[in-house]
Amino acid sequence: MPAHQRFSNAKQLLSYLNETCMKLHKAYEDAFWISYMGDHSVDEKMKKAEVKQDAFRADRNLKEQVDAFIKKTPDKKLVARLKIWSRFFSLFQTPPEAVQFKKAANDLEAKIHAIRSSRKEGYTDPYTGAFVEASEHKMATTMRTNPDEKVRKACFDAMETLQLGTLDLYIEMVGERNKFAQALGYEDFYDYKIHLDEGMTKDELFAIFNKIYEKTKYAFRDVRELEKEKPGLRKPWNFAYMLTGDFVKEEDQYFQFENVLSYWGTSFHRLGVGFQGGKVTLDLLDRKGKHNNGFCHYPTLVHYKNGKLIPGSSNFTSNAVPGQIGSGIQGIHTVFHEAGHAADRLNSTQEEVCINTEYPPATVSWAETHSMFMDSISDSIEWKMRYAKNSNGVAYPFELFEKKLKATIALNPLDMMHVIFVMDFERRIYERKALTKDFVLETAKYVYKKYMDRSEDSLWMLRVSHIYSWNSSAYYHGYGLAELGVQQWRDYFFKKYGYIVDNPNVGKEMQKVWKYASLYTAGKFVKMATGKKLSADAYIKNVTRSYDEIIRDAKKRIERLEKVPQKPGKVELNGRITMVHGKQKIADNSKSFEDMDKKYRAWLATQAR
């Protein structure tokens, strides 16, 4: 739209804003999906689409017209709609001199993404010296499950080296992001993002997590005591395997990835959770060139046409490796997580498309609360005993839960450390006035030592894909705030209903808040959902429970769920679901969910490696 164009009335302006926002959003998201699934021929197209989207968000002329109509429009409903757009534009107003810094940062991000998705990945066989091709994701899983310490260390060493290939570009990108934030009047990029995403200051944010750190760090002593019984436990390549490796193998039979659609579909169906007629596309397997972390985006936003709601669409992904021990359970949890995101936005009933996206004014913490709530369901013992069965139909045994809990309970209080680990790293990086390679490496090692307390240094921090993306950098605090919200919400549901798994009342209550999309702040949403302000109380209480308390609560929840009948009938999620692998369509639910599940299982059997 030319900068001088004026609108004659509020309805005309609102129509233009919704149509334009949706069109620009879809152009970017369509290219984003293709690129992140491994086809980088669209990268230039994606960058150009993002520039156009940024220009729209920052359009001062549009904001001025919105604010003018707010003052002179008598219709209160139209004023309320205009105020949503005024808030939206206020978040993205960008002085002309800052645009160049955003473009420079985005160009660097694209280079990093291209390198990370096309680089040669694998490790050196410790016995033959031969190179073994393996994705970063596969090497991480190998470190958790392979009984050979030499192989685990070889994977660790390979991943440490991988992180150095884009370090210079990362440092340059951080500088451009800081220039952008400072041009907007913020201290640095982290300061900018926390204001944008959560409406908080850094001091307010870190006060919450410093409290959690101080109340839970005692568990590091317990782990060190445990190391006396398990020599070498705190070595990075040993830690996960020595604590959970045997359990990963033992549990694997109950979490074969071939069951992913059945587990997810049935669970959501019984909760009464669906997609409001929307289209959902899933790409679930790991492959070379594909982004190495699960995510969910929404190319078509829920919108209205002639007063009628038009369903949106969602694309989400995981990185499962069929046949690899431990990959199944991780992939299943990821599907629950990302499907939680999809259900959240696709169930919106809001007219203004700018609040139906995953971007501000959406808050990271509230968005992640839904997804993490869903994967907390698949991680619960009562869900496992009802759903997770091996090939002989034998359910996940309570004895395995008890045995694993005894071996790993020392880790429970440290659950939030992996979040604070990323938060503290990024804060230190963005606050540094003259960032150097040595400072980045030393900071990565420092936070690893402080929040992981391993016996060896590591650059593990640089593996976290979030730090390389504009949208997900300075973002990890959202997972932490969401975890507080999840525990508070679970506490609320257990007190009100006594159970969560297969409880349609839970689904109904979630949909009541989903319909508002990003209309309110995260704090208001948490209060609406749980009846209380967000606090760390429920979280701290949960992670510091004793072994006996956990066993008592588990038995109580299992007993309560046994009284809940398993709802028969076909899976219905009120959505058009398509399973793909890159550009290959595998199956869809046009006939039935069960037919799609059958076809996808058959295809998965051809992919095991």
Side-chain angles (χ1 to χ4, degrees), residues 20-57 99-100 102-122 133-138 162-163 165-170 172-173 176-177 279-301 312-321 338 357-359 463 465-473 578-588 603 607 609:
T20 305
C21 182
M22 186 169 64
K23 179 181 177 182
L24 294 173
H25 175 90
K26 190 174 191 307
Y28 171 71
E29 292 296 341
D30 284 345
F32 177 93
W33 175 256
I34 294 169
S35 175
Y36 273 60
M37 291 303 96
D39 180 355
H40 298 289
S41 65
V42 299
D43 284 2
E44 194 60 35
K45 183 179 180 181
M46 180 177 70
K47 286 193 292 183
K48 289 179 180 178
E50 186 172 21
V51 168
K52 290 181 180 179
Q53 186 172 239
D54 286 345
F56 171 77
R57 291 167 169 171
V99 174
Q100 60 182 316
K102 175 76 157 52
K103 182 182 184 303
N106 287 348
D107 288 345
L108 290 162
E109 179 183 325
K111 289 179 182 178
I112 292 172
H113 175 59
I115 292 170
R116 286 173 61 85
S117 60
S118 62
R119 65 192 176 188
K120 185 178 182 181
E121 295 182 346
E133 187 172 350
S135 69
E136 191 173 16
H137 183 83
K138 187 171 184 177
L162 273 179
Q163 311 319 320
T166 56
L167 187 53
D168 288 331
L169 290 172
Y170 174 69
E172 190 178 350
M173 182 175 66
E176 296 298 331
R177 288 176 178 175
K279 181 180 177 182
V280 182
T281 301
L282 291 74
D283 186 325
L284 302 181
L285 298 194
D286 189 43
R287 62 178 174 273
K288 185 174 178 59
K290 181 181 175 181
H291 185 61
N292 67 351
N293 198 56
F295 65 84
C296 175
H297 281 216
Y298 317 92
T300 301
L301 302 172
S313 69
S314 169
N315 296 332
F316 69 83
T317 176
S318 72
N319 293 82
V321 181
E338 304 304 342
T357 78
E358 65 271 40
Y359 304 116
R463 279 197 63 230
S465 61
H466 294 66
I467 70 173
Y468 300 105
S469 165
W470 179 285
N471 291 321
S472 60
S473 183
T578 304
M579 308 302 301
V580 302
H581 184 64
K583 297 179 180 179
Q584 178 186 5
K585 178 180 175 180
I586 309 302
D588 64 35
W603 179 78
Q607 302 299 304
R609 56 187 189 273

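Treat the numbers as computed from the prediction; the structure is a model and nothing was measured.
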Original post:
For T357, which residues count as a side chain to side chain donor-acceptor pair (under 3.5 Å) partner, sequence neighbours excluded?
Top reply: none
Subject >> Stepwise side-chain contact (heavy atoms from CB on, under 4.5 Å) test for Y359 and H25 >> reply: CA-CA 10 Å; Y359 304 116; H25 175 90; 3.8 Å; yes
**OP:** For I586, enumerate each residue passing the side-chain contact (heavy atoms from CB on, under 4.5 Å) test, keeping only those at least two apart in sequence or located in another chain.
**Re:** M579, H581, Q584, Y600, W603
**OP:** To the nearest 0.5 angstrom, please state how far the CD atom of E50 sits from the CG atom of N471.
**Re:** 6.5 Å
Original post:
Taking only residues two or more places apart in sequence, or in another chain, which ones meet K583 in a side chain to side chain donor-acceptor pair (under 3.5 Å)?
Top reply: D39
**OP:** May I ask you to check whether over 12 heavy atoms, not counting those of K288, lie within 6.0 Å of atom NZ?
**Re:** yes
**OP:** Could you list the residues that satisfy salt bridge (charged side-chain N to carboxylate O under 4.0 Å, His left out) with K103, not counting sequence neighbours?
**Re:** D107
Original post:
Is a side-chain N or O of T300 found less than 3.5 angstrom from the main chain of G312, in a donor-acceptor match?
Top reply: no
**OP:** Report the residues that fulfil side-chain contact (heavy atoms from CB on, under 4.5 Å) with S135, sequence neighbours left out, ordered by chain and then residue number.
**Re:** E121, H137, K138, D286
Original post:
For S465, what residues pass the side-chain contact (heavy atoms from CB on, under 4.5 Å) criterion, not counting sequence neighbours?
Top reply: R116, H291, N292, N293
**OP:** Check step by step if side-chain contact (heavy atoms from CB on, under 4.5 Å) holds for E358 and Y298.
**Re:** CA-CA 8 Å; E358 65 271 40; Y298 317 92; 3.2 Å; yes
**OP:** Specify the closest pair of heavy atoms between E29 and P299, including all atoms of both residues, with the distance to one decimal.
**Re:** CB-CA, 3.7 Å
**OP:** Return the set of residues passing salt bridge (charged side-chain N to carboxylate O under 4.0 Å, His left out) with D43 (not counting sequence neighbours), or none when no residue passes.
**Re:** none
**OP:** Answer whether the closest heavy-atom distance between the side chains of E338 and T317 falls below 4.5 Å.
**Re:** no
Subject >> Q53 vs C21 side-chain heavy atoms within contact, under 4.5 Å >> reply: no
Subject >> Presence of salt bridge, K47 and E44, under 4.0 angstrom >> reply: yes
**OP:** Identify, with sequence neighbours excluded, every residue that meets ring-ring contact (aromatic ring centres under 6.0 Å, His included) alongside F32.
**Re:** Y28, Y36, F295, H297
Original post:
Taking it one step at a time, do D54 and N106 satisfy side-chain contact (heavy atoms from CB on, under 4.5 Å)?
Top reply: CA-CA 11 Å; D54 286 345; N106 287 348; 4.1 Å; yes
Original post:
Taking only residues two or more places apart in sequence or in another chain, which ones pass side chain to side chain donor-acceptor pair (under 3.5 Å) with S117?
Top reply: H40
Original post:
Does any N or O in the side chain of S118 come within less than 3.5 Å of the main-chain N or O of A114, such that one atom is a donor and the other an acceptor?
Top reply: yes
Original post:
Does D168 have any side-chain contact (heavy atoms from CB on, under 4.5 Å) partners at least two apart in sequence or in another chain, and if so, which?
Top reply: K437
Subject >> Inter-residue atom distance S318.OG - L285.CG, 0.5 Å rounding >> reply: 7.0 Å
Original post:
Nearest 0.5 Å, what's the CG-CZ distance between L282 and F316?
Top reply: 3.5 Å
Original post:
Mind checking whether W470 and M173 have side chains closer than 4.5 Å, heavy atoms only?
Top reply: no
Original post:
Do you know the tightest heavy-atom contact between S469 and R177?
Top reply: C-NH2, 3.2 Å
Original post:
Can you tell me if S313 uses its side chain to pair, donor with acceptor, with the backbone of K279 under 3.5 Å?
Top reply: no
**OP:** Using the test salt bridge (charged side-chain N to carboxylate O under 4.0 Å, His left out), find all partners of K290 that sit at least two apart in sequence or belong to another chain.
**Re:** D283
**OP:** Could you grab the distance from atom OG of S473 to atom CD of E109, nearest 0.5 Å is fine?
**Re:** 9.0 Å
Subject >> Reported OH-to-CG distance for the pair Y170 and L108, which is rounded to 0.5 angstrom >> reply: 12.5 Å
Original post:
Under a 4.5 Å cut-off applied to non-hydrogen side-chain atoms, are E133 and K120 in contact?
Top reply: no
**OP:** Kindly write out the residues that satisfy salt bridge (charged side-chain N to carboxylate O under 4.0 Å, His left out) with E136, not counting sequence neighbours, or none if the list is empty.
**Re:** R119, R463
Original post:
To the nearest 0.5 Å, how far apart are CG in N315 and CG in D30?
Top reply: 8.0 Å
